[in-house]
Amino acid sequence: MSPVHAGRVLNLDTLVRVGRGLRTPGPAPRLPVPDGMTAPLGCDAVAVPAHVGPLVMPRLPRVGCVYADGTHWWWLVPSDSDQALEWPYPARYVTGAVVPDLPEIPDLIHRPDGTLPYTPPIPLYLALCRATGTAPSWSRPVSA
């Protein structure tokens, strides 16, 4: 056997499989529903940069669970609160309240009275539009 054929030839597919095998993906971290609260409608989250959070809070008639770290604030909203809404930039809608890019779960900075963790999505959407200077999607001109 020649030295060229002595070793196994690795192609790109093999290298990708080896690389995937080295990662041990665990479950993606989620923003938790606090003890004593229930989420009968499921949970998604809306994230905004931390400097936008304090602009939004006083504009909300009801505030659900809000989590924060040094860079972002997250509001828990019922699942599917993104239906028919274009959340304004720089807001980010997170299905399942999954925060995979964070090293740890942010701190809970607001917990509402009662057992529901949700911030109502329409008032949150309008407050974010106002804070970011974005017109709500339903008030924008429609092009043909």
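As a basis for the values below, the full set of heavy atoms in this structure was taken, side chains included, without hydrogen atoms, waters or symmetry mates.
Under the salt bridge (charged side-chain N to carboxylate O under 4.0 Å, His left out) criterion, Asp35 pairs with no residue at all, not counting sequence neighbours. A search for side chain to side chain donor-acceptor pair (under 3.5 Å) contacts involving Thr95 returns nothing, not counting sequence neighbours. Considering only residues two or more places apart in sequence or on other chains, Arg130 meets the salt bridge (charged side-chain N to carboxylate O under 4.0 Å, His left out) condition with none of them.
Both Leu128 and Leu85 belong to a single network of hydrophobic side chains, linked directly or stepwise wherever heavy atoms of I, L, V, M, F, W or Y lie under 4.5 Å apart. In terms of hydrophobic clustering, with Ile, Leu, Val, Met, Phe, Trp and Tyr side chains grouped at heavy-atom distances under 4.5 Å, Leu126 and Val46 are assigned to a common cluster. Under the 4.5 Å side-chain heavy-atom criterion for ILVMFWY residues, no single connected hydrophobic cluster contains both Val98 and Leu31.
Contacts classified as salt bridge (charged side-chain N to carboxylate O under 4.0 Å, His left out) and involving residues 100-127 (residues at least two apart or in different chains) are given here: Arg92-Asp101. Note on residues 38-49: pairs passing side chain to side chain donor-acceptor pair (under 3.5 Å), not counting sequence neighbours, are Asp44-Tyr93.
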Under 3.5 Å donor-acceptor pairs involving side-chain atoms of residues 74-83, not counting sequence neighbours:
| unit_1 | atom_1 | unit_2 | atom_2 | d |
| --- | --- | --- | --- | --- |
| Ser79 | OG | Leu41 | O | 3.3 |
| Ser79 | OG | Cys43 | N | 3.1 |
| Ser81 | OG | Pro78 | O | 2.6 |

Which side-chain N or O atoms in residues 52-70 pair as donor and acceptor under 3.5 Å with protein atoms at least two apart or in another chain?
| unit_1 | atom_1 | unit_2 | atom_2 | d |
| --- | --- | --- | --- | --- |
| Arg62 | NH1 | Tyr118 | O | 2.2 |
| Arg62 | NH2 | Leu116 | O | 3.1 |
| Tyr67 | OH | Pro32 | O | 2.2 |
| Asp69 | OD1 | Thr71 | N | 2.8 |
| Asp69 | OD1 | Thr71 | OG1 | 3.1 |
| Asp69 | OD1 | His72 | N | 2.9 |

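Nearest heavy-atom pair, Gly96 versus Arg30, reported as atom, atom and distance to 0.1 Å: O-NH1, 2.8 Å. Taking all atoms of both residues into account, the shortest heavy-atom contact from Trp87 to Pro121 is CH2-O, 3.6 Å.
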